[in-house]
Each structure stands twice: as structure tokens, then as C-alpha cells.
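One structure is given below, encoded as C-alpha cells.
Throughout, a chain's letter reflects where its sequence line sits, starting with A, and its residues are numbered from 1. Not measured: the values here are computed from a predicted model.
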Amino acid sequence: MATKATRGNKRGRISAPSVRPEDEQIFKGLSFFYVPDNDIAPARRLRINRAKEFGASWTRDLMTATHVVVDKKLEYKDVEKMWPKDGFGGRTPPKVVTEDYPLDCIQFRAIVDASQRKYLVNGQPEVEEKEQEKEPELPTPAVDFGAQAKSKSKSKSAVSSLPLKPQHHNKGKWDYVPRKGTPSQNGDTGIQTHSPSKGSDKAGHTPLLQDELSEYISMMQEFKDLPLDVDEEEDAQSTANESDAQLDLDHRSGSENESQRARRSSRRARPTSKAIAFEDRFACNRAGKKDANQDNPNARTIEILQKMNGYYERINDHWRTIAYRKAISILKQQSVKITTEEEAYRLPSIGRRLAQKIEEIVTTDKLQRLECAEEDPTDHALQTFLKIYGVGNKIAEQWIAQGWRTLEDVKQHAKLTPSQRVGMEHYDDLNTRIPRMEVTALGDIVKKAAAEIDAAVQLIIGGSYRRGAESSHDIDLIVTKPGTESVAELRAFLSRLIDQLERDKFLVARLASSHAGGDGSKWHGCCNGEYRPIWRRIDFLLVPEAELGAALIYFTGNDIFNRSMRLLASKKRMRLNQRGLYRDVLRGPNRAKITEGELVESRDEKRIFEILGVKWREPWERWC
DNA sequence: GCCT
DNA sequence: CAGTACG
DNA sequence: AGGCCGTTACTG
């Protein structure tokens, strides 16, 4: 719409600049000196006029210019030679920029930073700047663990070496529920025994790189081999599964669409410099930690994209949310600031649109789309409503459609479920974060009560606490006991524990509890805080020891980490959930049953990582 | 929004 | 069943 | 065109 004015001239001759409304006069007070100093070429004449539309004046006198706008085909020395020998007489010399500069300003309706690298004229020395390598032309050769870019064809990772499932269709359910317990005692648990590539050379050679987890895998590999001079990354995983039998399907030739892959440069640093390697190790090492954020060079970009993501979440634009999440995840792993669209576009999970947004953020320090979104008057109400426990998009939307905008409106008019009522009445409490120390203390209270009921029961605090968070949104407790093989063996205990804690006035509300007799395994509710009468969210998860590993992965998270693990598993024709890691079964049209042998591992957290081909990561390294 |  | 919540 | 985590678990 903003371009309408010029559009009118489109096929006619270039007319005099129309004047833009006041608030678009971004160039007011600036005068541009163009190099070359003419407007003969229609294209640049158009650009000059366009700058005028936005308030610039076109000067033919270098001495009065605030900016020197240089044709991209010219060199800096062409500009330099017109520089007055006796200087500018005390006034600040004009800034030298390429012709992109005014265009960007216009596009973003703002005066952007003229000193950015992308506006440097050919041959123009950089002002200062330190890091930020120039990156001549070609992006660095990809060194993704797909590693096709390497001349050696040896590099493979276990990750890509298992046969990949094209997709997992079959939304139907099975009729059989596999039994508990991991057959880990039968040394055969290894998947490898079953990894006969089925001769499906074609099926199993895609180096999946698209999901979040694989990004981390690649990082971990980078980390791993950085002390060496980065020979190859392959044996990174060989330890992960002695299943090197599967290497047989590793001979994927260059068959695959490497061109496609090659487009995307790896975020792996080239091993050219130890300094770089070290830096990257540092970044990668911290990428998985919770505090990897603040000094990330892309922190501001991430911040804004996260806001945008939050908006789409509220809007319930599910798939867009996923795209943003992936992009943010990738961005967090970058050790270098991503400045331009092209730079961003090279990264996996970042397409044209996000790349453009990233550039806009970097150049203008904001995102128009976001500001626009935040102006939506209903958005504030949406944010408020969604923080009520038990209220999701549907309800929130309905309420807003009713015209309600505040909690007061809801309180007066809405019909609430019991859970939502708790969420309403303790809105502030439940949206207050819990300091780590308090989580510890509350956990101790529960542990003490539990010990009096059954000394053998173990309680493990999971969630963000286990990841080392300084504060948590709730308290996640895994309830397990040595020797147990099914949830049923723990249910009686939980029942007694809950009763006791309610008598103690520790537990104050139930939100979602498995009804006795059922086969439930979780209990959600509220407890009193450590000191003040403040309510805290608390979750119990019943876990037989036989499933502890899988449950720990689930309950430790974070959510994105879990989803990537599960996605990765599915690509390998396996399934991961809170009960265990399973190998997928070939299901007939009528959903043939799963046989018991399908459970691969559930007891040992590390084994699940291994079998999945993921290098072990400590809980605090699971921040995505 | 991105990817296959 | 849809909706919500859990990591 | 169709997938994007989980035959998740719980509520009404």
C-alpha cells in the first residue's frame, strides 16, 4: 500500500516524486549525493526520486551531502578520488553507502544504521568491527554431519545411518499395549541386530538435518572433535551404538540432492583456525545450557522472533509457531551474528520469509509485523486468559468473542470448570515463578511424607529444576520405586501420599488426578508454597523403575528437546514416549499387533540416547 | 512458515 | 470426541 | 500436498 504512489507511475514515464505523508518523511533533513552524479539511467532516477519522496534532497555538491550513495558497480576508490583534499572544513564528512541503503530505509520506513557491513561500497575499508569475518563469496563448505561436502565419503554418523522412515503415517492405534520393562538384560536389545538395511539403499540415506535435535547432534559432534584438527566427525557416534553393522548402509553415494543441501551452509565452523574452533566450541557448549541466551550475538533477533512466536501461539497458528520455534532454535546456536537475508536463508529451517524478517530486525531493530500484531486490542486479553490454568485457545477465543477483555469480565460471566476456577482464583500465584530453593524445599516436604509411607519409594524432581533452572513454573516429581514394573504397583502408594499431604494441608487442590482404579499415571494439583500462603503447581508422575529412563527424558525436557528426540526416533522407525523407546512394527492394513519384542529400552536414560544415536547430554544441557 |  | 496440559 | 511429538494423559 505504501508503494501505491509509485505504482501509479509504473508503466508511464517517471514522473516527479509525489510527496509522502509527514510521518513517512524519513529522510527529512538529509541530502544525498549520488555517485555517479546523474540520473540518466532510468532505474537510478527512479531511486533518486523515491528518496525525494521520503524527504531527501538530492545534492550535486559533495560539501552539502549527508550521505554519498554509491552505485554498487563502482569501487570505493572511485568515491575516494572525489573527496576534497582539504577535508570538509570541520563538518562531519558524509557517510558513504551503497544504493541499497536508501532502499532499505524506505522499505523499513526508518533510518537504519548506515555503518552496517552490507552497505559498504566495494573496496571500502571497514570502520572498526572485529570478529565478523567477511565471508568472500561462497558460504563455507558444509560440514554437516551429512558431510557430503567432504571429499571423503567415509563420514557418517550413526544418526543418519539407520534406515529412515519416510513418514509416519498410520494414525490408527494398535490394539496391543506392550508390556513394561526393558529387556535390557537380554543383551540383544541393540537395535543393530535388526538393522538389515533391507537393501534399501535409497531408503536409508537421508542425513536428516531438519529437526532441532539433529542440529544439536551436529553441535555435539563439533564439540567432540574440536580438540583434534577436525578430521572427520564420524566416529563421534560409533560409540553410541556398537551397531556398526549398520554402517553397511552408509555408502550412500552422492546420489542425493546435494545441491539442495549445499545451498545451506553448515553452522559448523570450519576448522581453519583454532581460535574459531574454540569459539565455536564455546558457543556450542553453551548452546545447550539455559544461559546461552544473553550474550548470543543474535539475542535481539531471537527476542523479537520469540515475541512474534508468542503471538502466533496465542493466535493458535500452530504450524507457523513450529516454524518460528525451529528458526529460533537454529539462531540460538549461531556463534556469529546473522545480519543479512541471504546469510539467514542459508540456515536450515529458515526460509525466505523468516530470512527477510531477520534482516528487518537487524537493520531496524524491530519488526513491523509484530508491532502490528501487538496493536490488536484483543491480544492483551488473549494473553491474560491463556495464563489461566485450563484455558486454551478455544475458550479464550470464545470469551473474547463474547466481548470479555478482563479477568473481571470472566469472573462475572464465564462458566468455569473446577480446574479453571482454581486457575482464576489463584491466577497470580500460579503465574509466579518458584525459586529453585523453594522447589528443593517443597520436594523435601514431599519426600519426607513419602518416606513415612514407603521408605523404598524414590522421588526425583524433574522438569526445569532437573535442568538446573534457577526458578520453575511448577514442581515436577517422578515417583518411582526399585523393582517396580508397572504403574499399578505405585498407585496405592500415591493415593496414600496424596491423602496424607492433603491432611497436612500441603496439597490444596486437585486439577487432574488419575481416578483410583484407573490406569492413570499422573497427578496434577496445587500445593502451598514454602513460607507464604502462595499456591504452587505440583505434578506427580508415577513411573515404574523399568521405565525410569524414558520417564526421566520426558519429565526433564525441555519440551522442544523431547519433541526433537521423538521426531528423530520416528525418522528411524522407532517411537519414543514417556514409557520407553520402541522399534516400530510393520503394521498391516489392519494394524497388526505389536509384539513384545518391540520395546527396545526404557530403563536406562543413557541407553536410549545411545540407541537413538544421540550423544549423551546431561539434563542441564537440554535447553533448546 | 519450512521442508520433503 | 475436542480441548487442555505435560515435558 | 501434507507433515510438523506422543497409539502422551486427563476432563467433561
What integer distance in Å separates [X]:[atom1] from [N]:[atom2]?
X: A/Tyr582; N: D/dC5; atom1: OH; atom2: P; value: 19 Å
X: A/Met565; N: D/dC4; atom1: CE; atom2: C1'; value: 18 Å
X: A/Tyr324; N: B/dC2; atom1: OH; atom2: P; value: 8 Å
X: A/Arg325; N: D/dC5; atom1: CZ; atom2: P; value: 7 Å
X: A/Ile328; N: B/dG1; atom1: CD1; atom2: P; value: 12 Å
X: A/Arg320; N: D/dG3; atom1: CZ; atom2: P; value: 18 Å
X: A/Arg573; N: D/dC5; atom1: CZ; atom2: P; value: 19 Å
X: A/Leu576; N: D/dC4; atom1: CG; atom2: P; value: 15 Å

Exercise. Are any of the side-chain heavy atoms of A/Trp523 and A/Leu542 separated by less than 4.5 Å?
Worked result: no
Contact class for [X] (heavy atom, under 4.0 Å): base, sugar-phosphate, or nothing?
X: A/Ser521; answer: sugar-phosphate
X: A/Arg537; answer: sugar-phosphate
X: A/Asp559; answer: base
X: A/Arg467; answer: sugar-phosphate
X: A/Ala323; answer: base
X: A/His524; answer: sugar-phosphate
X: A/Thr321; answer: nothing
X: A/Asp317; answer: nothing

Seminar exercise, completed: Where DNA chain C forms runs of at least three Watson-Crick or G-U pairs (i with j, i+1 with j-1, under 3.5 Å), the stems are C:1-5 with D:8-12
If the cut-off is 4.0 Å, is [X] near the phosphate of [N], judged by side-chain N/O to OP1 or OP2?
X: A/Arg353; N: B/dG1; result: yes
X: A/Arg579; N: D/dG6; result: no
X: A/Arg566; N: D/dC5; result: no
X: A/Tyr554; N: D/dG6; result: no
X: A/Arg575; N: D/dG6; result: no
X: A/Asn577; N: D/dT7; result: yes

Exercise. For atom CZ of A/Arg496, is the number of surrounding heavy atoms from other residues, nucleotides or ligands below 6.0 Å larger than 12?
Worked result: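 12 or below, so no.
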I'd like to know if [X] pairs up with [Y] as an ion pair, taking the criterion as any Lys NZ or Arg NE/NH1/NH2 lying under 4.0 Å from an Asp or Glu carboxylate oxygen.
X: A/Arg300; Y: A/Glu303; result: yes
X: A/Asp409; Y: A/Lys411; result: no
X: A/Arg607; Y: A/Glu610; result: yes
X: A/Glu502; Y: A/Arg510; result: yes

Seminar exercise, completed: The ring pair (Phe, Tyr, Trp, His ring centres under 6.0 Å) partners of A/Phe555 (sequence neighbours excluded) come to none
Problem set entry | C1' gap between C/dA5 and D/dC5, integer Å |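 Those two atoms are separated by 14 Å.
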Problem set entry | Rounded C1' spacing from C/dT4 to D/dG6 in Å |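 Straight-line distance between the two C1' atoms is 15 Å.
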Seminar exercise, completed: The nucleotide from D/dC4, D/dA9, B/dG1 with an atom nearest the side chain of A/Leu567 is D/dC4
Exercise. What residues, two or more places apart in sequence or in another chain, satisfy side-chain hydrogen bond (donor to acceptor under 3.5 Å, both in side chains) together with A/Glu438?
Worked result: A/Arg536
Exercise. Reading DNA chain C 5' to 3', which nucleotide is the first, and which the last, to come under 4.0 Å of any heavy atom in chain A?
Worked result: C/dG3 to C/dG7
Exercise. Taking atom types as modelled, is there a side-chain donor on A/Glu618 or A/Trp616 under 3.5 Å from an acceptor on the other?
Worked result: yes
Exercise. Could you go step by step and tell me if A/Lys307 and A/Leu367 meet the side chain to side chain contact (heavy atoms under 4.5 Å, CB included) rule?
Worked result: CA-CA 10 Å; A/Lys307 283 186 185 174; A/Leu367 191 58; over 6 Å; no
Exercise. How many angstroms lie between CD1 in A/Ile388 and CD in A/Gln420, if you round to the nearest 0.5 Å?
Worked result: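 Those atoms lie 7.5 Å apart.
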For this session: Mind running a 4.0 Å heavy-atom check of residues 382-404 of chain A against DNA chain C and sending the residues that fall below it, in number order?
Result: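 Hits under 4.0 Å, by residue number: A/Ile388, A/Tyr389, A/Gly390, A/Val391, A/Gly392, A/Asn393, A/Lys394, A/Ile395.
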Expected list for residues 463-472 of chain A: side-chain donor-acceptor pairs under 3.5 angstrom, two or more places apart:
residue	atom	partner	partner atom	Å
A/Ser464	OG	A/Ser472	OG	3.0
A/Tyr465	OH	A/Thr440	OG1	2.7
A/Arg466	NH1	A/Thr556	OG1	2.6
A/Arg466	NH1	A/Glu605	OE2	3.1
A/Arg466	NH2	A/Glu605	OE1	3.1
A/Arg467	NH1	A/Thr556	O	2.6
A/Ser471	OG	A/Arg433	NE	2.8

For this session: Evaluate the salt bridge (charged side-chain N to carboxylate O under 4.0 Å, His left out) criterion for residues A/Asp379 and A/Arg314: first the C-alpha distance (whole Å), next the side-chain angles of each, then the deciding distance (0.1 Å), finally the verdict.
Result: CA-CA 8 Å; A/Asp379 187 53; A/Arg314 298 193 289 276; 2.8 Å; yes
For this session: Please assess A/Asn577 against A/Tyr582 for the test side chain to side chain contact (heavy atoms under 4.5 Å, CB included), listing each intermediate value before the final yes or no.
Result: CA-CA 9 Å; A/Asn577 61 23; A/Tyr582 305 78; 3.6 Å; yes
